[in-house]
Amino acid sequence: MAFDFTPLLAAGLPPPAARWTGWATYNFTFGNNDPEGLAIEDLTAAAETALKREGRRLADYRLLMGPQGYKPLREFLVRKLERDAEIECTADDILIVSGSLQGLDLVNSALTERGDTVICERDCYEGTLNRYYRRGINVVGIPLDRGGMRMDALEQALADLKSKGVRPKFIYTIPTVQNPTSTILDEDRRRKLLELAGQYNVPIFEDDCYADLTWSGKRPPAIYAMSKSQNVIHIGSFSKTIAPALRLGFLVAPWAVMSHILSLKTDAGSGGLEQMVLAEYCEAHFAEHVPQLRQRFRAKLDTMVTALNEQFGTAAEFDYPPGGIFLWVKLPDNVDTMKLRDAAFAAGVQINPGPEWSIDKAYSKCRMRLCFASPTHEEIRQGIAVLADVCRKEFGVPTRSGNIERAKGRA
Ligand SMILES: Cc1ncc(COP(=O)(O)O)c(C=O)c1O
């Protein structure tokens with residue numbers, strides 16, 4: 001008989017994982033990248049050059065460069081962050097992490113305990129929300145409008161918490177192409193956010209992993225760059241611009257908190273080969289690669305928008321995003337996207353139901369997040385048609401699709 005681990009399991013574990021049985025044919029979940037957008041030849045050449053030149057560094061856990069990561073990659077980031085985000089920092093202010101998810105874990109470990117409070121956007125990255133729930137953190141969600149997190153609501157929340165004697169551990173925000181709403185916080189709101197953070201003595205945790213993906217190629221300065229009081233922790237990622245399976249991101253933080261984060265990063269370093277290849281590749285190609293990738297993403301977004309308009313008509317409401325890889329879609333009020341998720345999966349389509357991406361389960365019940373970066377144009381067209389069919393069978397909407405009027409409740 002198989003050994004019984006059940007009585008030995010630690011208390012408070014998340015639900016056990018189901019065995020992976022493959023993706024659905026049409027996968028609009030995850031923030032995956034576009035396989036066709038990967039510059040395989042340039043990456044291969046970068047790997048060969050880096051390995052031939054410095055491969056012997058792999059004999060050392062930390063590439064003979066200390067605990068903060070491969071120095072040329074950090075030096076690339078110093079220049080990139082200054083050029084794009086107006087961040088002035090040195091390689092010593094940067095820590096290379098195994099994906100920005102590790103950055104989230106490190107910051108959460110350094111700053112939070114069970115029962116603490118953090119503030120974030122009401123609709124928010126599932127990976128962030130789940131981490132808070134699992135750590136027993138009280139999450140206060142701030143509603144967004146088309147300009148991102150609403151500063152009047154933030155001010156109110158901070159005042160309410162203060163009146164209860166609660167000092168939040170930080171304000172977590174995805175200010176530049178927010179996940180899932182794709183909104184961008186403009187410079188005025190960033191200034192206001194910093195003003196409120198200063199007034200209430202609360203640091204800001206800025207997650208900027210989509211910041212390179214605005215269609216205009218422009219973005220407001222990072223909140224980190226605008227702060228005058230070293231009260232911001234900034235994280236970014238190579239997942240959205242290069243490839244998520246590299247598992248490389250970065251964290252920029254003042255030494256006062258970086259020193260504690262470093263003592264928590266006990267994995268003996270993030271993947272060294274990946275860092276070396278990425279540094280080599282980015283130095284030569286990042287600046288030309290990203291605009292091409294944006295074009296690819298935007299073309300796919302347009303395909304998805306057209307498909308939604310054709311298949312769902314007015315039943316699918318959304319704002320055309322200014323960048324990124326997601327559409328945050330509102331369906332008619334009677335649609336429960338948790339149920340739609342299961343029915344769609346059975347029909348071969350994967351979607352992210354709103355309640356998993358929001359603190360407000362009622363508000364997000366009829367909303368869903370669709371990722372358009374990795375499926376092909378054809379998969380987007382076909383998948384959205386299947387999704388509309390499933391939605392009509394389950395919920396009677398959309399009543400018009402494929403430009404054909406449908407009787408309510410019938411396929
Ligand atoms: C807002 C946000 N932060 C962090 C991550 C994690 O990214 P990484 O692949 O760098 O761990 C994601 C991934 O989708 C994300 O959307």
Side-chain angles (χ1 to χ4, degrees), residues 27-34 38 69 73 77 80-81 85 94-109 118-132 134 139 141-142 144 148-149 170-185 204-214 219 222-224 232-253 261 265 267 270-271 274-275 278 282 290 293 297 321 323-328 350-352 354 356-359 368-374:
N27 185 3
F28 301 129
T29 66
F30 280 93
N32 285 325
N33 217 307
D34 183 349
L38 267 169
L73 184 58
L77 283 167
K80 180 215 172 319
L81 288 170
I94 298 178
L95 169 66
I96 303 296
V97 287
S98 304
S100 50
L101 280 172
Q102 188 182 41
L104 294 180
D105 285 332
L106 290 168
V107 172
N108 291 343
S109 301
V118 306
I119 295 179
C120 64
E121 283 114 2
R122 176 194 54 194
D123 311 315
C124 179
Y125 173 45
E126 186 201 28
T128 297
L129 292 180
N130 282 343
R131 278 170 168 70
Y132 296 152
R134 252 178 252 153
V139 192
I142 308 298
L144 305 100
M149 191 193 284
F170 50 76
I171 302 165
Y172 169 85
T173 177
I174 312 165
T176 321
V177 192
Q178 203 260 354
N179 182 0
T181 63
S182 299
T183 49
I184 298 177
L185 204 69
I204 297 170
F205 184 11
E206 174 178 45
D207 185 344
D208 229 16
C209 72
Y210 299 97
D212 289 315
L213 300 181
T214 59
R219 48 150 306 162
I223 299 169
Y224 185 98
V232 182
I233 301 170
H234 178 98
I235 56 168
S237 176
F238 289 100
S239 294
K240 312 303 168 180
T241 46
I242 310 287
L246 288 172
R247 303 311 302 130
L248 285 179
F250 53 92
L251 188 148
V252 193
I261 287 171
K265 192 174 186 297
D267 62 357
S270 297
E274 288 83 347
Q275 293 184 63
L278 194 62
C282 286
V290 171
L293 191 65
F297 286 161
I325 55 176
F326 306 115
L327 263 182
W328 182 233
Q350 267 179 270
I351 60 158
N352 289 125
E356 292 185 352
W357 297 79
S358 181
I359 288 160
M368 64 177 169
R369 193 193 76 155
L370 300 173
C371 176
F372 49 80
S374 60

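Just follow the structure's listing: the first ligand is 1, and inside any ligand the first atom is 1.
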Next on the checklist: I'd like the name of whichever of Y125, F238, F326, W357 reaches closest to atom 5 (C) of ligand 1 through any heavy atom.
Outcome noted: Y125

Checklist entry - Where's the contact between F30 and ligand 1, heavy-atom distance under 4.0 Å: side chain, backbone, both or neither? => result neither

Next on the checklist: If we ignore hydrogens and angles and just use 3.5 Å, is the side chain of E121 paired with the main-chain N or O of I174 as donor and acceptor?
Outcome noted: yes

Checklist entry - Would you say the side-chain atoms of D208 and T176 include a donor-acceptor pair closer than 3.5 Å? => result yes

Checklist entry - Under 4.0 Å from any heavy atom of I174, which atoms of ligand 1 are there? => result 1 (C)

Checklist entry - Using the ring of each side chain (for Trp, its six-membered ring), is Y132 parallel, tilted or perpendicular to F170, with breaks at 30° and 60°? => result tilted

Checklist entry - Looking only at distance, does L248 have an N or O less than 3.5 Å from an N or O of ligand 1? => result no

Next on the checklist: Can a donor-acceptor pair be found, under 3.5 Å and without considering hydrogens, that links the side chain of S182 to the backbone of F326?
Outcome noted: yes

Item to check | From Q275, K265, R247, residue fulfilling side-chain hydrogen bond (donor to acceptor under 3.5 Å, both in side chains) relative to S270 | outcome: K265

Next on the checklist: Within the 4.0 Å heavy-atom shell around K240, which atoms of ligand 1 are there?
Outcome noted: 13 (C), 14 (O)

Checklist entry - Hey, which atoms in ligand 1 end up nearer than 4.0 Å to a heavy atom of S239? => result 8 (P), 9 (O), 10 (O)

Checklist entry - Got the closest protein heavy atom to atom 16 (O) of ligand 1, with its distance? => result Y210 OH, 2.6 Å

Checklist entry - For ligand 1, which atoms, with element, lie under 4.0 Å from some heavy atom of S100? => result 4 (C), 5 (C), 6 (C), 7 (O), 8 (P), 10 (O), 11 (O)

Next on the checklist: I'd like to check which ligand 1 atoms, numbered from 1 as shown, lie under 4.0 Å from a non-hydrogen atom of S237.
Outcome noted: 8 (P), 10 (O)

Next on the checklist: Strictly below 4.0 Å, N to O, side chains only: are D123 and R369 in salt-bridge contact?
Outcome noted: no

Next on the checklist: Could you tell me, atom by atom, which parts of ligand 1 come under 4.0 Å of a heavy atom of R247?
Outcome noted: 8 (P), 9 (O), 11 (O)

Item to check | Donor-acceptor under 3.5 Å (K240 side chain, G31 main chain) | outcome: yes

Next on the checklist: If the contact criterion is a heavy-atom separation under 4.0 Å, does G99 count as touching ligand 1?
Outcome noted: yes

Checklist entry - Do any N or O atoms from the side chain of E206 and from the backbone of Y224 form a donor-acceptor pair under 3.5 angstrom? => result yes

Next on the checklist: Please report whether ligand 1 has a polar contact with S98, defined as an N or O pair separated by less than 3.5 Å (distance criterion only).
Outcome noted: no

Next on the checklist: Quick check on contacts: which atoms of ligand 1 are under 4.0 angstrom from a heavy atom of D207?
Outcome noted: 1 (C), 2 (C), 3 (N), 4 (C)

Next on the checklist: Below a 4.0 angstrom heavy-atom separation, can you tell me which part of L101, side chain or backbone, both or neither, approaches ligand 1?
Outcome noted: both

